[in-house]
Asks: 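Quick one: this structure, given as structure tokens, is what I'll be asking you about.
Letters go in sequence order (proteins before strands), and every chain restarts at 1. In what follows, every heavy atom counts, from backbone to side chain, and hydrogens, waters and symmetry copies are set aside.
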Amino acid sequence: MSVKDILGDRYDKIVDLAKRRGFFWPSYEIYGGVAGFYDLGPLGVMLKINVVNLWREYFVLKHQDLVAEIETPIIAPEVVLRASGHINHFTDPIIECLNCGRKYRADHLIEENIGLKVEGYGVEDLNKIVREKELKCPQCGGKLSDVRTFNLLFKTTIGPYSSDVGYLRPEAAQGMFSAFKRVFISMRERLPLGIAQIGRVARNEISPRQGMVRLREFTIMEVEFFHDPEGDDPPWDRFSGKLRLLPAELRQRGEEKPIEVDVVEAVREGLIKNKWLGYWMCVARDFIRELGVEYSDMHYEEKMPYERAHYSAQTFDQLVRVSRWGWVEVSGHAYRTDYDLRRHMEISGEDMKVFKPFKEPRVVEVEKVVVDKAVLGRALGSSLASFLEVLRNMDVEEVKKALATSEENIVISGFRVPRAAVKIVKEVEKLSGTKIIPHVAEPSFGAERLVLIVLDKAYSEEENRVVLKIPKKIAPVKAAVFPLLEREELVRVAKEIYSDLVSLRLTVLYDESGSIGRRYARADEIGIPYAVTVDFQTLSDDTVTIRDRDTKQQIRVSIKDLRKKLLELLDLELGAV
RNA sequence: GCGGCGGUAGUCUAGCCUGGUUUAGGACGCCGGCCUCCCAAGCCGGAGAUCCCGGGUUCGAAUCCCGGCCGCCGCACCA
């Protein structure tokens, strides 16, 4: 059996378990299912909530001085995605071989075969090039079809009139860019500012496979981190250290092994082009580690320029090794520069620049236009007001140009005025800052993928039984309560303990059916970290046993200490579940 | 989207080639009862199947044929 078969077998078992115990399964199964859609079951929902909350802990709560979370709609009007570039760039030009049926990205085909950069070309242009250069199928040499477009956006209509086109968002980011000014103001106008969002997105993938790994609709967890690239350093004391990464340059040379670099050095040397990008990669590293992924099973891969999204100046994918699929992308880290805000400023006309104060106010000499209104009034009469308006909006350099003549009268923007009435004077001005368009570093995660990864890493078999070693912090059910036997006196105490633990806001499972061994096994299979058992000794001394899922060791505690002990074992504070 | 393989209770599967012998069999799981003093013990009973969907061939289709859907693998695609 090859390694792949063993891994595949393991994946099959996980999928099987997920369906059987209620983590996830294909959606709309009774109608045959639809590729790219998955339901989360009862345990899946609980696990996902914990994964999402852990993400929130790392990316929002640990950074509440820097990051604020918002929520925006999943439907966006066309103009928003036009501004973001998704209408144009999310549409792939596809070309097909009429002989063998293979499909290619038309732009990639052209670039690879004749080295012509055709990014952003329309369908007609691409078609023209294909015909002029007589391109053939690179596989079989067959004739190629016309170029068609393939849009990965889900389209819908807003309101009763079909002319109002809307799209399901392919990322949460655009809602955050659109709302940037509002959030910036409500967060008291300070940079850096991260805006976080957890929400659903949809991408109409051409052929989704890989189960939960590639979905057409999923939950995205993103931070758009707005900052001044020349601003202060990230708080390296919170997150920093080593990153395993595979730079594009090494990939180009066919290298597959990541190198280990110190993030601060990598930023200084320009390997990571933006310091906040590097910072959030460190946060992501530790977050993923908490899901049960060893550092050696995770690294970053820099995307090649042609692999990057249209908005990105540099992208790293965080990869985690999983059964069956090998290295899977769990997060993308893109340096989006000021691309998005700039585009939204252009299209919406809204000024989203941010005032950047200088450390010290600067004294600068500026040139100003000074006019003699008395003279001008006599020359222009009633058009004086409109002339002054034009002048106000005019660049000093242009006025200078107009003055660079020896004529008596000069012409400025169609107004003929006496030369002597317009002067340029130099003045000393104090400037306390300037306006900049913030740059953005974006870490972005898919939640459902992470659920799968947690199960993949947690799955283990012990003597023919399954133990899900889910990290206790994210385990969907925290404790199980059993009577040793189904005797009324034991059942009564066990049920009391169950209610008591529920009142702590713990997720708890009560089970009295079958033998005690079977119940431990059932609990292990869904990853319950601790099992409390009421036995006959309980009746005489008010103690119960707590059994550890991973070590199978039991400790005996008195019922009155049980709450405290369990919370301690689970690393939880009272009320902070 | 192309090619190959597959789709039978919650899960895994037998049966399919060679149509009727099957009220579609089994294992595990689930539910109820009995039993059981700590790791899937045992006994009894029970529920649970659009045999993926649609059409065709046939006296008769889980079984043969065609189309579709879904899944896996390879190719292509995957900001």
Asks: Base, sugar-phosphate, or nothing: which does A:W25 touch, judged by heavy atoms less than 4.0 Å apart?
Replies: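 Answer is nothing: A:W25 stays at 4.0 Å or more from every strand.
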Asks: Reckon A:G332 touches a base, only the sugar-phosphate, or nothing at all at heavy-atom distances under 4.0 Å?
Replies: nothing
Asks: Do other residues, nucleotides or ligands put more than 12 heavy atoms under 6.0 Å from A:E462 CD?
Replies: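 Yes, enclosed.
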Asks: Classify the nucleic acid contact of A:R21 as base, sugar-phosphate or nothing, counting any heavy atom under 4.0 Å across all strands shown.
Replies: nothing
Asks: At 4.0 Å (heavy atoms only), tell me whether A:E29 reaches a base, stays on the sugar-phosphate, or touches nothing.
Replies: nothing
Asks: Please state the P separation for the pair B:G29 and B:G42 - nearest whole angstrom.
Replies: 9 Å
Asks: Find the distance A:K552:NZ to B:A40:P and express it as a whole number of Å.
Replies: 11 Å
Asks: Measure from the side-chain N and O atoms of A:T315 to the backbone N and O of A:K303, and report whether any donor-acceptor pair falls under 3.5 Å.
Replies: no
Asks: Set out, in order, the CA-CA distance, both residues' side-chain angles and the distance that settles salt bridge (Lys or Arg N to Asp or Glu O under 4.0 Å) for A:E217 and A:R200, then state yes or no.
Replies: CA-CA 7 Å; A:E217 185 189 324; A:R200 284 185 89 77; 2.7 Å; yes
Asks: Scan A:D535 against the nucleic acid and name what it touches under 4.0 Å (heavy atoms): base, sugar-phosphate only, or nothing.
Replies: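 Base contact.
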Asks: What's the gap between B:A27 and B:C69 when it is taken at their C1' atoms, as a whole Å value?
Replies: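 30 Å, rounded to whole Å.
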Asks: With both distances under 3.5 Å as the test, what is the Watson-Crick or G-U wobble partner of B:U11?
Replies: B:A27
Asks: Among side-chain atoms of A:E329 and A:Q318, is any donor-acceptor pair under 3.5 angstrom?
Replies: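 No - no donor-acceptor pair under 3.5 Å links their side chains.
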Asks: Would you sort out whether A:Y459 and A:S323 count as a side chain to side chain donor-acceptor pair (under 3.5 Å), showing the intermediate values?
Replies: CA-CA 10 Å; A:Y459 186 89; A:S323 305; over 6 Å; no
Asks: Please figure out whether A:A521 or A:D16 has its closest RNA chain B nucleotide nearer the 5' end.
Replies: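 Its nucleotide being nearer the 5' end, the pick is A:D16.
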Asks: For A:Q537, answer base if it contacts any base atom (sugar-phosphate contacts may also be present), sugar-phosphate if it contacts only those atoms, and nothing otherwise; contact means non-hydrogen atoms under 4.0 Å.
Replies: nothing
Asks: Given B:U50, B:C38, B:U11, identify the nucleotide with an atom nearest to the side chain of A:K19.
Replies: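 Taking heavy atoms from C-beta onward, the closest nucleotide is B:U11.
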Asks: Starting at atom CD of A:E171, determine the distance to atom C1' of B:C78, rounded to an integer number of angstrom.
Replies: 16 Å
Asks: B:G33 and B:A47: how far apart are their C1' atoms, nearest whole angstrom?
Replies: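 B:G33 and B:A47 have their C1' atoms separated by 15 Å.
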Asks: Is B:C59 paired to anything, Watson-Crick or G-U wobble with both distances less than 3.5 Å, and if yes, which nucleotide?
Replies: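 Looking at the geometry, B:C59 pairs with B:G20.
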Asks: Please work out whether the ring planes of A:F316 and A:Y300 are parallel, tilted or perpendicular, with thresholds of 30° and 60°.
Replies: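 Answer is perpendicular, since the angle exceeds 60°.
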Asks: Partner of B:C2 by Watson-Crick or G-U wobble geometry, both contacts under 3.5 Å, or none?
Replies: B:G74
Asks: For the side chain of A:W325, starting at C-beta, report the closest nucleotide among B:C72, B:C38, B:C30.
Replies: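 That would be B:C72.
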Asks: Which part of the nucleic acid, if any, lies within contact of A:T315, taking any heavy atom under 4.0 Å across all strands shown: a base, the sugar-phosphate backbone alone, or nothing?
Replies: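 Contact class for A:T315: none.
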Asks: Kindly say if A:S515 contacts the phosphate of B:U36, meaning a side-chain N or O under 4.0 Å from OP1 or OP2.
Replies: no
Asks: Measure from the side chain of A:R324, starting at C-beta and using heavy atoms only, and say which of B:C30, B:C73, B:U11 lies closest.
Replies: B:C73
Asks: Strictly by modelled atom types, are A:T533 and A:Y520 linked by a side-chain donor-acceptor pair under 3.5 Å?
Replies: yes
Asks: Please measure how far the C1' atom in B:G48 lies from the corresponding atom in B:C12, and state the result in whole Å.
Replies: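 Each nucleotide's C1' atom is 15 Å from the other's.
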Asks: Using a 4.0 Å heavy-atom cut-off across all strands, classify A:E486 as base, sugar-phosphate, or nothing.
Replies: base
Asks: Quick one: label A:P170 by what it contacts on the DNA or RNA (base, sugar-phosphate, nothing), any heavy atom closer than 4.0 Å.
Replies: base
Asks: Considering only the C1' atoms, how many Å lie between B:G10 and B:C5, rounded to the nearest integer?
Replies: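 The answer is 26 Å between these two C1' atoms.
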Asks: How long is the line joining CZ of A:F154 and C1' of B:C78, in whole Å?
Replies: 14 Å
Asks: Under a 3.5 Å cut-off for both contacts, is B:G67 paired Watson-Crick or G-U wobble with anything, and if yes, with which nucleotide?
Replies: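 Result: B:C53.
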Asks: Let me know the distance between CG of A:D511 and C1' of B:C31, rounded to the nearest Å.
Replies: 12 Å
Asks: Students often get this wrong, so: under 4.0 angstrom with heavy atoms, is A:Q210 touching a base, only sugar-phosphate, or nothing?
Replies: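 Sugar-phosphate: the residue A:Q210, judged by heavy atoms under 4.0 Å, touches backbone atoms but no base.
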Asks: Expressed in angstrom and rounded to an integer, what is the separation of A:M304 atom CE from B:C78 atom P?
Replies: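 Interatomic distance, CE of A:M304 to P of B:C78: 15 Å.
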Asks: When you compare B:C72 with B:A9, how far apart are their C1' atoms, in angstrom units rounded to a whole number?
Replies: 23 Å
Asks: Ignoring backbone atoms, test whether A:R519 places a side-chain nitrogen or oxygen under 4.0 Å from the OP1 or OP2 oxygen of B:A40.
Replies: no
Asks: Could you check which of B:C30, B:U36, B:U11 has an atom nearest any side-chain atom of A:L485?
Replies: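 My answer, after comparing the listed nucleotides, is B:U36.
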Asks: Look at the side chain of A:R214 and decide which nucleotide, out of B:C78, B:C72, B:C38, has an atom nearest to it.
Replies: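 Nearest listed nucleotide: B:C78.
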Asks: Taking the inter-plane angle between the rings of A:F287 and A:F445 on a 0 to 90° scale, is it parallel (under 30°), tilted (30 to 60°) or perpendicular (over 60°)?
Replies: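 Aromatic pair A:F287/A:F445 classed perpendicular.
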Asks: Reckon A:L152 touches a base, only the sugar-phosphate, or nothing at all at heavy-atom distances under 4.0 Å?
Replies: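 Nothing: the residue A:L152, judged by heavy atoms under 4.0 Å, touches no strand.
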Asks: Out of B:C31, B:C30, B:C39, which nucleotide sits closest to the side chain of A:S513?
Replies: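 Of B:C31, B:C30, B:C39, B:C31 is nearest to the side chain of A:S513.
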Asks: Taking B:G25 as the reference, what is the distance to B:C65 when you measure between their P atoms (whole Å, please)?
Replies: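 Taking atom P in both B:C65 and B:G25, they lie 25 Å apart.
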Asks: Between C1' on B:C78 and CE on A:M212, what's the gap in Å once rounded to a whole number?
Replies: 18 Å
Asks: Quick one: A:D524 CG to B:G29 C1', roughly how many Å, whole number?
Replies: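 That distance rounds to 16 Å.
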Asks: Run the salt bridge (Lys or Arg N to Asp or Glu O under 4.0 Å) test on A:E525 and A:R522 for me, step by step, so that the C-alpha distance in whole Å, both residues' side-chain angles and the decisive distance to 0.1 Å come before the verdict.
Replies: CA-CA 5 Å; A:E525 199 183 39; A:R522 276 200 283 248; over 6 Å; no
Asks: Considering only side-chain heavy atoms of A:E205, which listed nucleotide, B:C30, B:U36, B:C78, is closest?
Replies: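 Nucleotide nearest to A:E205's side chain: B:C78.
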Asks: Quick check for you: among B:C72, B:C38, B:C70, whose closest atom lies nearest to any side-chain atom of A:T533?
Replies: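 So the nucleotide nearest the side chain must be B:C38.
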Asks: For the pair made of CZ in A:R216 and C1' in B:G71, what is the distance, rounded to whole Å?
Replies: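 These atoms are roughly 14 Å apart.
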Asks: Using the C1' atom as the reference point in each nucleotide, state the distance between B:U8 and B:G15 in Å, no decimals.
Replies: 9 Å
Asks: Using a cut-off of less than 4.0 Å, is there contact between a side-chain N or O of A:R20 and OP1 or OP2 of B:C30?
Replies: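 Answer is no, no contact under 4.0 Å.
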